[in-house]
Student: 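Here you go, one structure.
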Amino acid sequence: MITMSENDTFDQILDKLNEINEKLDRLLQDTNNSNINDKDKESIISNSMDVMTLISLPEHLRTTATTLLKLEQATANEIAEITEKERAVESNYLNQLVKLGYAYKFRKGKQIYFKFDDNVN
Amino acid sequence: MSFTLAVHSSKGGTGKTSIAINLAGVYASEGYNVCLLDFDFKAPSFTNFFKIKPRYWINDVLHDRCSIKDAVNDISNDFDTSGRLYVGLTDPDIESIREISSKDRDWQAKALRFLIRAKKELIDSGIDVVILDTSPGIDYESINAVAASDYVAVVVKQNYTCIKSTEQVIDGIYNILHKNCAIIENMCHDGYLYPKNSKNQNTPVVESIPCMCDITAKTDNDLIVFSEPDHVFSKAMYKISQNITKMG
Ligand SMILES: Nc1ncnc2c1ncn2[C@@H]1O[C@H](COP(=O)(O)OP(=O)(O)O)[C@@H](O)[C@H]1O
Ligand SMILES: [Mg+2]
């Protein structure tokens, strides 16, 4: 049984880890700044987010996916504002959607954005 | 306040189209700006009710051939409503029905995206109520409509199979997608009510409409809420509209 404060600590650790991850990403990006472009795609899509897939997702990912469908493209922060969860938690869920091949992420300035399928403008 | 309502049912022929069209009329007559869209691509029926030759169909919106604003028609003047009333028709041509039914998952995923975007554009341009008349049961088109909506009005006929399969869509689809939903009983006999021991007691039954033979003749080419505002069916529509606005 995880207590409330353990949960908070866990979230904080997750938050820090995600921050480190994003900083590393940015460092890597800067070191090979040969062709930086603000829509640098960092993953590929292999599955589409159709409504039957949405229904079959576990609850926590479904909420994140539904919110991303509404916003079309969003940062973890923007998703968290709507779902009222921690940014780090949403960042984790969004990255799971990326790993599952449903979403991809790209960089716009210093921000990392998530989006489903690129064939929809 | 603005919201999107999907009128759905687990079985066919429950009265979805009659209810969706007349509810749209009620909201428009109450001063809301309403947009009614046919989302039954397998059995499109709006061309029977609205004598319009649209420039674009809802099919074109899902194919990304036009924006939603190109595909909706202002019919406020036909019915003299105080709010604006727009309607979007689906192509009844057999070619178009075949085209949609052969679409795969990837296409349906995009269609959902275009629908969500269309709804946003409508609300942003001043529409208060979007009503989606869907196809029965669980297929991509109807569940896309449910997913894009805030509320679901599920129309139930009084028989065991319809009630059972309604419970399945409530548990397996609406609840999972966190939709506020309301049951409308239609074509009831002897004031038969949704069973009190039903599993979905917390899904409210907002109205029980009796089975009335004259409805079949009257709903063609006309909105009964305008031609006969005192009809039992019309009064039911007013009651449903009030209950649905209270759901938010
Ligand atoms: N309360 C009612 N009593 C009798 N007939 C009805 C009632 N409601 C709808 N109908 C009729 O039932 C038929 C099917 O209705 P429709 O609205 O087309 O259903 P759906 O869209 O669910 O297929 C139509 O002929 C309609 O006029
Ligand atoms: Mg119908």
Side-chain angles (χ1 to χ4, degrees), chain A residues 39 41 43-75 78-86 89-90 93-106 108 113-121, chain B residues 2-4 6 8 39 41 61-68 100 103-124 130 132 134-135 137-150 152 168-180:
Chain A
K39 248 200 154 193
K41 216 156 105 189
S43 45
I44 52 152
I45 299 280
S46 50
N47 283 314
S48 51
M49 184 50 72
D50 66 292
V51 76
M52 303 303 173
T53 304
L54 186 69
I55 287 171
S56 65
L57 287 176
E59 174 77 29
H60 58 288
L61 290 185
R62 193 180 327 113
T63 307
T64 305
T66 305
T67 314
L68 185 55
L69 277 170
K70 275 189 203 140
L71 299 179
E72 298 199 7
Q73 60 178 50
T75 62
E78 290 168 338
I79 299 274
E81 262 169 42
I82 294 177
T83 61
E84 297 178 334
K85 288 178 189 159
E86 288 297 318
V89 173
E90 287 302 349
Y93 294 165
L94 285 162
N95 280 302
Q96 285 184 45
L97 290 172
V98 171
K99 252 185 228 136
L100 291 165
Y102 294 118
Y104 71 89
K105 45 181 173 176
F106 62 94
K108 237 202 229 173
Y113 278 82
F114 294 82
K115 193 177 194 286
F116 291 122
D117 186 355
D118 289 285
N119 296 320
V120 178
N121 303 316
Chain B
S2 66
F3 64 87
T4 303
H8 186 229
F39 243 71
F41 295 90
V61 178
L62 298 192
H63 280 102
D64 201 25
R65 297 193 281 240
C66 72
S67 94
I68 187 69
I100 294 260
K103 291 301 179 192
D104 64 4
R105 229 186 95 202
D106 291 351
W107 187 89
Q108 295 291 356
K110 277 180 209 156
L112 174 60
R113 233 81 59 69
F114 290 129
L115 171 59
I116 292 173
R117 191 179 294 175
K119 165 196 155 170
K120 212 182 288 173
E121 277 174 30
L122 289 172
I123 306 268
D124 288 348
V130 179
L132 304 169
T134 72
S135 44
I138 297 167
D139 62 10
Y140 269 112
E141 291 80 26
S142 59
I143 306 310
N144 276 349
V146 166
S149 299
D150 305 299
V152 184
Q168 285 184 334
V169 286
I170 292 175
D171 289 340
I173 308 280
Y174 312 149
N175 285 348
I176 287 183
L177 293 172
H178 298 289
K179 300 302 167 186
N180 263 325

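Here is how names work: the chains are called A, B, and so on, in the same order as the sequence lines, proteins then strands, and each is numbered from 1. Note that the structure is a prediction, hence the values are computed from the model and not measured.
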Student: Working to the nearest 0.5 angstrom, can you tell me the gap between Arg62(A) CZ and His178(B) NE2?
Tutor: 5.5 Å
Student: Between Lys120(B) and Lys70(A), is there a donor-acceptor pair closer than 3.5 Å when you use the side chain of the first and the backbone of the second?
Tutor: yes
Student: Where on Ile143(B) is there a heavy atom nearer than 4.5 Å to chain A: the side chain, the backbone, both, or neither?
Tutor: both
Student: Tell me every residue that passes salt bridge (charged side-chain N to carboxylate O under 4.0 Å, His left out) with Asp106(B), counting only those two or more places apart in sequence or in another chain.
Tutor: none
Student: Verify, without hydrogens or angle tests, whether Arg105(B) (side chain) and Ser48(A) (backbone) share a donor-acceptor contact under 3.5 angstrom.
Tutor: yes
Student: Tell me, for Lys119(B) versus chain A, whether the close heavy atoms (under 4.5 Å) come from the side chain, the backbone, both or neither.
Tutor: neither
Student: Measure distances from Ile116(B) to the heavy atoms of chain A and classify the residue's part below 4.5 Å as side chain, backbone, both or neither.
Tutor: side chain
Student: With sequence neighbours left out, write down each residue that passes ring pair (Phe, Tyr, Trp, His ring centres under 6.0 Å) with Phe41(B), or none if nothing qualifies.
Tutor: Phe39(B)
Student: List the residues meeting side-chain hydrogen bond (donor to acceptor under 3.5 Å, both in side chains) with Ser142(B), not counting sequence neighbours, and say none if there are none.
Tutor: Asp139(B)
Student: Could you name the residues of residues 52-61 of chain A that have a heavy atom within less than 4.5 Å of a heavy atom in chain B?
Tutor: Met52(A), Thr53(A), Leu54(A), Ile55(A), Glu59(A)
